[in-house]
Amino acid sequence: MNAPHHGGCHCGRIVFEMTLSGPASAFAPRACDCSFCRKHGAAWLSDADGALRVRQRGEALVYRQGSAQADFIACPHCAVLLLAMFEREGSVRVAVNVRALDDATEFAAEQPASPQRLAPNEKRERWTQLWFSDVRVTMADD
Ligand SMILES: [Zn+2]
């Protein structure tokens, strides 16, 4: 098993542990060109064969933009953008914003991505194939 990558928001209310199925250098973050992701400078990483554990204190800030069917998850206190998430048939799929990782990590070169050019059903198919499905969110005590 690969060592997990740790990340989280700036104030520590929301932290996560991302375990990839291969070396980080085999994964290319995707820099989404939608106006929301551009304004955050977000780049997304996911691994359908990996695992993601999220631990949060209190509610997250959830933002759904435009026609997108995904929710963006940010910290309501320190405003760091952490995750993109969507639900399908009762299960959740998540992508991680690599800017929220604690340590600089040697991923493959970033790739541009333009999901806004995809039809809604194409987006959902793509995210279902690519995003983390082994996701567990734990609420921490205050
Ligand atoms: Zn925070």
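As the structure lists them, so they are numbered: ligands from 1, and atoms in each ligand from 1.
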- [ ] For R124, check side-chain contact (heavy atoms from CB on, under 4.5 Å) against everything at least two apart and list the hits.
- [x] Q69, F86, R88
Open item on the list: Considering the Zn ion (ligand 1), could you give the total of protein N/O/S atoms lying closer than 2.8 Å?
Closed with: 4
Open item on the list: Can you confirm whether H10 is buried at NE2, in the sense that more than 12 heavy atoms of other residues, nucleotides or ligands lie under 6.0 Å from that atom?
Closed with: no
Task: Heavy-atom check, side chain of D33 versus side chain of R117, under 4.5 Å - done: yes
Task: Residues F27, D47; criterion side chain to side chain contact (heavy atoms under 4.5 Å, CB included); working and verdict - done: CA-CA 8 Å; F27 293 86; D47 179 358; 3.2 Å; yes
- [ ] Indicate whether the side chain of R93 and that of S91 have a donor and an acceptor atom separated by less than 3.5 Å.
- [x] yes
- [ ] Taking R99 for its side chain and G41 for its backbone only, find out whether a donor-acceptor pair lies under 3.5 Å.
- [x] yes
